[in-house]
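Naming: A, B, ... by sequence-line order, numbering from 1 per chain.
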Amino acid sequence: LHNKKWEKLTEELEKNQNDLAATLQQKLYEGLKRTLQLPFMENLNTEKPLLNLDSPKQMLEALQQLGIPLKSTSHEELSQLSRQFPVIQALIDYRKVTKVLQSFASALPKYIHPITNRIHPDYWQIGTATGRFSCRNPNLQQIPRDQVFRECFIPSEGNLLIIGDYSQIELRVAAEISHDQRMIDAFQQNQDIHCLTASLLIGKDINKVTKEERQAAKAVNFGLLYAMGARGLQLYAQNSYGVEMTNQQAVDFRQRFFEVYQGIASWQKELGTSRLKEIRTLNGRLRIWEDRPKITELFNTPIQGTAADIMKQAMAMSFPYLNRNNVHLIGTVHDEILLESPQEKAQEISDFLKETMIKAGKKFIQQVPIEVDIAIATNWSEK
DNA sequence: CAGAAGCGCCAC
DNA sequence: AAACGTGGCGCTTCTG
Ligand SMILES: Nc1nc2c(ncn2[C@H]2C[C@H](O)[C@@H](COP(=O)(O)OP(=O)(O)OP(=O)(O)O)O2)c(=O)[nH]1
Ligand SMILES: [Mn+2]
Ligand SMILES: [Mn+2]
């Protein structure tokens, strides 16, 4: 971790948070004064705040008193009303900064080891029901994507980071498992389905889709793959793209998706009516449920699980070579491997990692080509 | 007072 | 009947 950069980032976020807290408080109290004319308003300028901005319960009560119809203060509900009520936008903004400040900016330095000057989290090999790794103390698999955070993660002197990430991995696994011909063809033609979905959703040339729009499309592709409904699609399009969809439009979009990917549709139908209480990944690993699983779990498990199999296969296959070359495997983020390599070997090692990850993929996936995005970097934001 | 539960949100 | 999934973490509030 780049200490100085991190400290500076933390300071900026703190300043930011103070401003946003002031804005939010002002909007809340102003509103409450108007609607309630409560005597406690006289105490406004005392040290003790009347409302805890971090308390969902108090925020909900306060917003309801302002006449805003809410059942909870989750982002999903808030974003619906953010344009109508400035105070809601203020709460969303305050929450965002508070979250990254509390969970990351302030929390992470506590984990820097006094001797190694590094962060040493615990990785759990069987951390999830599907076979993924999990990570904790701290969880380095949930560092914000934003460059200002990622650029603080740097290799030690004389080394470089090598970052390998599978391309569209669970879609490729899904194409293999379902035998969906259209999706297989798409991957054989090296197409990017995340970009395609983004362009269809926002009505924009596929070549003009931004990184953020592509990122947002992932949840649509994986959502539909794992049985997201029209309602869920509609909400998601609104909240992440600002795309207003009627229920009918969402139904139509969903229908078109499955008309294109008929193999996915029939795979879902087959599994959905199967009454299975257990299911395997392509590596043969088994997940068992006590009672009938939800179909969403049943759909997800073989695919997420196979992606995890591939990941672990790649790690196992590369480790001996890495070890011989004094290259350290310093992290993994589900379909991503992070290495720290002596500078002069970095090119050679990155070629090796990429080929090994692809080879591991091919062990389980034969109908669909496997692609890996690889980067040699001086920090984690450069992938 | 400690620990569990609930909420909300970060990542893949 | 309808349903995206897999996690970890910080805070507040509840429970005992
Ligand atoms: N069910 C579900 N799975 C997700 C979601 N986001 C990511 N995943 C899973 C499926 C992805 O293939 C896998 C790896 O995430 P990545 O961010 O690397 O995306 P992906 O590999 O699909 O695309 P990429 O080409 O790497 O940008 O994690 C999600 O919102 N829902
Ligand atoms: Mn990926
Ligand atoms: Mn990834």
In whole angstrom, what separates [X]'s [atom1] from [N]'s [atom2]?
X: A/Gln268; N: C/dA2; atom1: CD; atom2: C1'; result: 13 Å
X: A/Met59; N: C/dT13; atom1: CE; atom2: C1'; result: 15 Å
X: A/Ile264; N: C/dC4; atom1: CD1; atom2: C1'; result: 13 Å
X: A/Gln17; N: C/dC11; atom1: CD; atom2: P; result: 10 Å
X: A/Leu224; N: C/dC4; atom1: CG; atom2: P; result: 10 Å
X: A/Glu297; N: C/dA3; atom1: CD; atom2: P; result: 16 Å
X: A/Lys110; N: C/dC9; atom1: NZ; atom2: P; result: 12 Å
X: A/Leu233; N: C/dA3; atom1: CG; atom2: C1'; result: 14 Å

Taking the minimum atom-to-atom distance to the side chain of [X], which one of [options] wins?
X: A/Asp54; options: C/dG10, C/dT6, C/dT12; answer: C/dT12
X: A/Lys294; options: C/dT12, C/dA3, C/dT6; answer: C/dA3
X: A/Thr296; options: C/dG8, C/dT12, C/dG5; answer: C/dG5

Looking only at the aromatic ring of each residue, does the gap between the centers of A/Tyr261 and A/Phe257 stay below 6.0 angstrom?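 Yes, they do, as the ring centres are separated by less than 6.0 Å.
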Does the ring centre of A/Phe299 sit less than 6.0 Å away from the ring centre of A/Trp267?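 Yes: the rings meet the under 6.0 Å criterion.
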Quiz question: by atom type and distance under 3.5 Å, do the side chains of A/Ser167 and A/Arg172 form a donor-acceptor pair?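 Note: A/Ser167 and A/Arg172 side chains meet the donor-acceptor criterion.
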Could you verify whether a donor N or O on one side chain and an acceptor N or O on the other, from A/Thr281 and A/Asn283, lie under 3.5 Å apart?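 Distance-only check fails for A/Thr281 and A/Asn283.
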Using the ring pair (Phe, Tyr, Trp, His ring centres under 6.0 Å) criterion, which residues pair with A/Tyr166? Sequence neighbours excluded.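 So A/Tyr166 forms no ring pair (Phe, Tyr, Trp, His ring centres under 6.0 Å) with any residue.
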Between A/Thr301 and C/dT6, is there a side-chain N or O to OP1/OP2 distance below 4.0 Å?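 For A/Thr301, the contact criterion (side-chain N or O under 4.0 Å from OP1 or OP2 of C/dT6) is not met.
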Has A/Asn137 got a side-chain N or O lying under 4.0 Å from the OP1 or OP2 atom of C/dC9?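 Checking C/dC9 against A/Asn137, a side-chain N or O does come within under 4.0 Å of OP1 or OP2.
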I'd like to compare against my own output: the B/S/- annotation of nucleotides 4-12 of chain B with a strict under-4.0 Å heavy-atom distance to protein. ---SBBBSB
Could A/Arg150 and A/Glu336 be called an ion pair, given the rule that one side-chain N must be under 4.0 Å from one carboxylate O?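 Result for this pair is no, no salt bridge flagged.
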Which part of the nucleic acid does A/Ala129 contact within heavy-atom distance under 4.0 Å: base, sugar-phosphate only, or nothing?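 A/Ala129: backbone/sugar contact only, no base atoms under 4.0 Å.
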Is A/Arg254 touching bases, backbone alone, or none of the nucleic acid, heavy atoms closer than 4.0 Å?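 The answer is nothing, as A/Arg254 stays clear of every strand by at least 4.0 Å.
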Check A/Gly263 against A/Asp180 and note the closest heavy-atom contact, atom names and distance.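 In terms of heavy atoms, the two residues are closest at N-OD2, 2.8 Å.
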